[in-house]
Amino acid sequence: MIVTRLVLALRKFKQWLVAQCVFGLLSLLKLLPADGAINFADRVARWIGPKTRRHTLTLTNLRNAFPEKTEAEIAAIALDAWGNMGRLAAEYVFLDRLFDFDPARTAPGRIEVSGIPLFMDLRDNPRPFIVFTAHTGNFELLPVAGAAFGLDVTVLFRPPNNPYVAERVFEFRRERMGHLVPSHAGSSFTLARKLEAGGPVGVLVDQKFNKGLHTTFFGRKVQTNPLLAKLVRQFDCEVYPARCIRLPGNRYRLELEPAMDIPRKENGAVDVDATAQILNDKVEQWVREYPGQWLWYHDRWNIKRGLIT
């Protein structure tokens, strides 16, 4: 009993120490101009990333996804992906300053938005809908954009494993992104209540889900969370794809695409399995277009065992 308590206390202290290091680094970045800090984080991540155990998984994922690419091309994408991760971390500090979109301004800013008429329609004609995205570019900017357009989107997110980091991230997101729902056993009911009340929800769809539907992603078998497809089946609501694309010069394009056609069975019911697959197909399309802007170190294909020990 004493040993167990000691182990738990040491684990808790380690998590606290890691969190303090993270907070300290972010505080130092905040002393720099936004562009300088983001570029610096990019360079550091490109240097550290290849030295981590996750780099092996990153390269394996890239080789499996792009068998036609050379080793030099794979290595370049991997470096871009690490740089993207570094930028994402630094951008947390400057998120308020980064989002400068103003529909009334004629001069280009840091943020450009594609799909403004869709945003306006969803705002002016309230109805239940689901918007989904993936871990591409700075996906954190999408809820900020929704809030800026007056959309009260309830966003499902997965908290970091470190509880101290998770608490800080949750508070940061809540102030800027509206209503947030940490993913847990009861989160699906929260989203269902929001849709039932006529409101919108937002979800990430490219995460590994061990008890998910059997689908494919880049031609390889994966398991996909059925939550979005089941919500569509229950509420027959519209589904909108959205993504963030990094542009040169620390600029960003946020895209809201038209509602997707949802696959249905002969009796008219939503085909849950087929719906899960078209979500994967859409994310794959995005990733193929900008492969260096996705988080390749995620074990999406459940192949980590044997690669990382």
Side-chain angles (χ1 to χ4, degrees), residues 17-52 54-55 58 76-114 116 133-149 155 157 159-160 162 164-178 180 242-256 290-297:
L17 186 61
V18 169
Q20 300 314 305
C21 291
V22 171
F23 300 151
L25 288 173
L26 293 179
S27 296
L28 288 175
L29 285 177
K30 200 169 185 178
L31 299 176
L32 301 174
D35 287 315
I38 294 170
N39 294 336
F40 174 75
D42 179 291
R43 291 192 296 270
V44 171
R46 287 171 183 266
W47 180 72
I48 294 178
K51 296 175 172 58
T52 66
R54 284 279 171 174
H55 193 60
T58 296
I77 295 173
L79 281 180
D80 286 344
W82 285 116
N84 174 68
M85 186 62 198
R87 288 176 178 273
L88 185 62
E91 286 160 351
Y92 261 107
V93 177
F94 303 99
L95 206 56
D96 290 334
R97 280 182 265 173
L98 294 179
F99 192 85
D100 64 351
F101 178 74
D102 182 356
R105 186 179 57 199
T106 56
R110 192 184 291 272
I111 303 287
E112 62 181 58
V113 177
S114 174
I116 293 177
T133 190
H135 292 87
T136 58
N138 188 333
F139 50 93
E140 302 283 0
L141 286 169
L142 291 167
V144 179
F149 277 97
V155 179
F157 79 102
N162 186 305
Y164 300 99
V165 175
E167 181 180 3
R168 184 74 65 88
V169 167
F170 179 76
E171 291 299 323
F172 180 87
R173 285 171 164 169
R174 185 172 61 181
E175 293 175 1
R176 295 157 178 83
M177 303 177 188
L180 298 173
R243 64 168 169 169
C244 173
I245 301 171
R246 293 190 182 279
L247 302 175
N250 294 325
R251 297 181 63 250
Y252 314 83
R253 181 164 67 247
L254 308 180
E255 294 185 347
L256 179 64
Y290 298 99
Q293 298 189 22
W294 194 61
L295 305 184
W296 288 97
Y297 69 84

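Computed over heavy atoms, backbone and side chain alike; hydrogens, waters and symmetry mates excluded. On a predicted model such as this, the values are computed, not experimentally measured, just so you know. Nothing fancy with the numbering, it's 1 onward along the sequence.
For the residue pair Ala45 and Pro50, the shortest heavy atom distance occurs at O-CD, 4.0 Å. When all heavy atoms of Pro143 and Phe139 are compared, the pair lying nearest together is CD-O, 3.4 Å. In this structure, Phe99 and Ala148 approach most closely via the heavy-atom pair CE2-CB, 3.5 Å.
To the nearest 0.5 Å, the span separating CZ on Arg251 from CG on Leu98 amounts to 12.5 Å. Between atom CZ of residue Phe101 and atom CG of residue Leu141 there is a gap of 13.0 Å, rounded to the nearest 0.5 Å. Separating the SG atom in Cys244 from the NE2 atom in His135 is a distance of 13.0 Å, to the nearest 0.5 Å. Considering CH2 of Trp47 and CG of Asp42, their distance stands at 15.0 Å, rounded to 0.5 Å. To the nearest 0.5 angstrom, Arg43 atom CZ is 12.0 Å from Ile38 atom CD1. Of the inter-residue distances, the one linking Arg46 atom CZ with Lys51 atom NZ reads 13.0 Å to the nearest 0.5 angstrom.
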Show your working on salt bridge (Lys or Arg N to Asp or Glu O under 4.0 Å) between Arg110 and Asp35 and close with a plain yes or no.
-> CA-CA 11 Å; Arg110 192 184 291 272; Asp35 287 315; 2.9 Å; yes
From CA spacing to verdict: side-chain contact (heavy atoms from CB on, under 4.5 Å), Glu140, Tyr92 = CA-CA 8 Å; Glu140 302 283 0; Tyr92 261 107; 2.6 Å; yes
Determine, stepwise, if the pair Thr136 / Ile245 fulfils side-chain contact (heavy atoms from CB on, under 4.5 Å).
-> CA-CA 7 Å; Thr136 58; Ile245 301 171; over 6 Å; no
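No donor-acceptor contact under 3.5 angstrom links the side chains of Tyr252 and Glu112, judged on distance only.
Between Asp80 and Arg87 no salt bridge is recorded (no basic side-chain N to carboxylate O distance below 4.0 Å).
Looking only at distances, a side-chain donor or acceptor of Thr133 sits under 3.5 Å from a matching main-chain atom of Ala242. A donor-acceptor pair is defined here as one N or O able to donate and one able to accept, closer than 3.5 Å; no such pair exists between the side chain of Gln293 and the backbone of Asn84. One N or O on the side chain of Trp296 and one on the backbone of Pro291 form a donor-acceptor pair closer than 3.5 Å. Between the side chain of Asn138 and the backbone N or O of Leu88, no donor-acceptor pair lies under 3.5 Å. Side-chain atoms of Arg253 never come within 3.5 Å of backbone atoms of Ile111 as a donor-acceptor pair (strictly under, hydrogens ignored).
For the pair Thr58/Trp82, a side-chain contact is recorded, criterion being any heavy-atom separation below 4.5 Å from C-beta on.
Under the rule for a side-chain hydrogen bond (donor to acceptor under 3.5 Å, both in side chains), Tyr297 has no partner lying at least two apart in sequence or in another chain.
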